[in-house]
Protein chains: 2
Amino acid sequence: MPDVKHFDPQEALERAERVFWQHGSAAASVQVLTAATGLNRSSLYATFGSKQELYLAALRHYIGTTSHPAFRALAEDERGLPAVRDFFDGLITLRCTGPYAGWGCMVVNAQAGTENADPQVRAVLAEHHTQLCAAFRTALETARAQGQLSPDLPLAETAESLALLAYGVNLHSRSGATADTLRRTTAHTLDTLTRKA
Amino acid sequence: MPDVKHFDPQEALERAERVFWQHGSAAASVQVLTAATGLNRSSLYATFGSKQELYLAALRHYIGTTSHPAFRALAEDERGLPAVRDFFDGLITLRCTGPYAGWGCMVVNAQAGTENADPQVRAVLAEHHTQLCAAFRTALETARAQGQLSPDLPLAETAESLALLAYGVNLHSRSGATADTLRRTTAHTLDTLTRKA
DNA sequence: ATCAACTTGGAACGCACGTTTCAAGTTGAT
DNA sequence: ATCAACTTGAAACGTGCGTTCCAAGTTGAT
C-alpha cells in the first residue's frame, strides 16, 4: 500500500561508505552525506536510523565487499607464498592508484580515530583482525606444506606479523607513500620468510 | 612593563598534547583543552594562536620529547639488533601499560585522521617517517658490522619494513592488542632478520 | 604614583552540527 | 475512487563548535 522508496538504499549505503572511508566518521557531516547519497535528511534517517548506525552499516559493508573477498582469495589460494605476495600487491595497488588512492583502509582509519570509541565498532575491528590473521595463517600453512617456508618459522606469530605489516602499509599509504616503495618493502619482507635457518 | 603570564606555557602545551594524543585534533574541543590546561580561552588563544596551531605545536613537542629520544637511543646504541629489540619492547610497554595505555602513537593517529589534511602536519609526518627509517637503518648497519644479520639482507628495505611494523604496533595497540601478543610478534619478526641465507 | 603593556575571565559572535518535526505528495491494494 | 502507508522536502530544533571582543585586573619600569 505505501509509497515506495525513490532511491536504492544499497547504492546510498555505498556512497556513504566512500565518504566515511575518505574522511572518517567525525568529519563526514550529515550535510555532506546527503549531498553524496543524493537523498535528503528525512530519507537518510528513515532508512539508516542515525549517522552512527549508518557508519556502522558502511563499515560492515566495506569489510564485506573489500576485506572479506581479499581474505578469501588469500586463504583459498593453493600457491602459498605467491598468494601472500599477490595479496600485498593488490592491496598496494588499491591504496596508491585508482579512485581510492590515498584513502587508506577504512578499518585501519577507524582503529586510529574516534570511531574506535564505540564498542560496536571495536567489536567489528577485533573480528576483522582475527579474520585477517586467520587468512594469513591459512596461506602460510599452504606455503609450509609446499616447503616454501623456513622450517622453524612459527605460523601464528608470522601471520600476526604480516597483519601488522598490512596495517602499516594501509596507514602509510594514506600519508603519501608511493606504491613503488611499499612494494619493495613488502616484497623484501616476504623474502625473509623463505630463508633457511 | 607588562603583566606576566600566570601559568607555564610549556606545561599547558604538554597538557594539551595529551588531550590531542588521546582524542585526536577534531575530537579535542577548545572547551576540553581549556579544562585540561587550566587556562581560559583568552590565554589559550593569546599564547598559541589557534586550535590548529596549538595542535601543531603539541605534535612537534610530542615528536621532540617522545619520538626523537627513542630514535636517538636506537641509532646510538652500539649493540645492533638488541637495540632494535629494546626499541620495540619500550614502545610496546609505553603503548600497553602506564598512563598512556591504549592511546596509540600521536603521529600514527595523525596519519590516519583528519589531521593529515593539513599540509604542515603532513610535512611533520613525512619528516618523522624519514627519521624513524634512518634510525632503524643506523641500528641495522651496526648490527651488520657485528655480523648479526643475514648477509644479503637489504638495509634500506629492512628499515622501511621495521618502520611499517612499528606503525602496525602503534595502531593495533590502540584497538586493544595485548603487550604479550605484540611482544611475541615483534620478537619473532626480529628473529627472521638473523637467519642465514 | 603613574602608565603603558599585557593578562585574564566571561560574555558574545556566527556557524555548523545531528536530529526532529510536519505538511504535502506519492504509492498500491482494495 | 478511496485510503492507509509511506516517502519526501524544507524548516526548525537545541547544542556545541572555534573564535573574537572587551572591561577589569595585574605587572614592572619610570
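Since the structure is predicted, the reported quantities are computational estimates derived from the model, not experimental observations. Atoms considered below: every heavy atom in the structure, side chains included; atoms not considered: hydrogens, waters and symmetry mates. Protein chains get the first letters and strands the later ones, always in sequence-line order, with residue 1 at the start of each.
Sorted by residue number, the members of residues 48-56 of chain A with any non-hydrogen atom under 4.0 Å from DNA chain C read S50(A), K51(A). Within residues 7-15 of chain A, no residue places a heavy atom under 4.0 Å from DNA chain C.
Counting non-hydrogen atoms under 4.0 angstrom, A26(B) reaches nothing in the nucleic acid. Here A28(B) lies in heavy-atom contact (under 4.0 Å) with sugar-phosphate atoms only. As judged by a 4.0 angstrom heavy-atom cut-off over every strand, V30(B) is placed among the base-contacting residues.
Inspection of the N170(A) and S173(A) side chains reveals no N or O donor paired with an N or O acceptor under 3.5 Å.
In this view, T185(B) satisfies the side-chain hydrogen bond (donor to acceptor under 3.5 Å, both in side chains) rule with no residue, not counting sequence neighbours. For E14(B), the salt bridge (Lys or Arg N to Asp or Glu O under 4.0 Å) criterion is met by no residue, not counting sequence neighbours. Residues that satisfy the side-chain hydrogen bond (donor to acceptor under 3.5 Å, both in side chains) test with R72(B), not counting sequence neighbours, are absent from this structure. Listed by chain and number, the residues in a side-chain hydrogen bond (donor to acceptor under 3.5 Å, both in side chains) with R137(A) are E141(A) (sequence neighbours excluded). Residues satisfying the salt bridge (Lys or Arg N to Asp or Glu O under 4.0 Å) criterion with R15(A), sequence neighbours excluded, are E11(A). Scored by the salt bridge (Lys or Arg N to Asp or Glu O under 4.0 Å) test, D118(A) finds no partners at all (sequence neighbours excluded). Residues passing the salt bridge (Lys or Arg N to Asp or Glu O under 4.0 Å) test with E157(B), sequence neighbours excluded: R184(A).
The side chain to side chain contact (heavy atoms under 4.5 Å, CB included) test with V121(B) singles out one residue from V107(B), T114(B), L59(B), and that residue is L59(B).
Applying the 6.0 Å contact sphere to CD of Q52(B) captures more than 12 heavy atoms from other residues, nucleotides or ligands.
Distances shown here put a side-chain N or O of S29(A) below 4.0 Å from the OP1 or OP2 atom of dC17(C). In terms of phosphate contacts, Q31(B) brings a side-chain nitrogen or oxygen within less than 4.0 Å of OP1 or OP2 of dC17(D).
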Worksheet entry | Intra- and interstrand pairs of DNA chain D - dot-bracket, Watson-Crick/G-U under 3.5 Å, | marks other strand | ||||||||||||||||||||||||||||||
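Summarising the geometry, atom OG1 belonging to T65(A) is positioned 14.0 Å from atom CZ belonging to R60(A); distances are rounded to the nearest 0.5 Å. With rounding to the nearest 0.5 Å, the separation of OH in Y167(B) from CG in L162(B) is 12.0 Å.
Straight-line distance from the NZ atom of K5(B) to the P atom of dT7(C): 4 Å, rounded to whole Å. The distance between atom CG of L33(B) and atom P of dG16(D), rounded to the nearest whole Å, is 16 Å. Rounded to whole angstrom, the span from the OH atom of Y45(A) across to the P atom of dC17(C) amounts to 11 Å. Here the C1' atom of nucleotide dC6(D) and the CG atom of D3(A) are 6 Å apart, to the nearest Å.
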Are any protein N/O atoms closer than 3.5 Å to N/O atoms in nucleotides 10-15 of chain C? If there are, list each pair with its distance.
residue: dG10(C); atom: O6; partner: S42(B); partner atom: OG; Å: 2.6

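Judged by closest nucleotide on DNA chain D, A46(A) is the one of A46(A) and H6(B) placed further toward the 5' end. Each of L39(A) and V4(B) was matched to the nucleotide of DNA chain D holding its nearest heavy atom; the match closer to the 5' end belongs to L39(A).
Residue pairs meeting the ring-ring contact (aromatic ring centres under 6.0 Å, His included) criterion with at least one member in residues 80-100 of chain A, sequence neighbours excluded: W21(A)-Y100(A), F87(A)-F136(A), F88(A)-F136(A), Y100(A)-W103(A).
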Worksheet entry | Test side-chain contact (heavy atoms from CB on, under 4.5 Å) applied to Q148(A) and T194(A), step by step | CA-CA 6 Å; Q148(A) 298 170 350; T194(A) 68; 5.6 Å; no
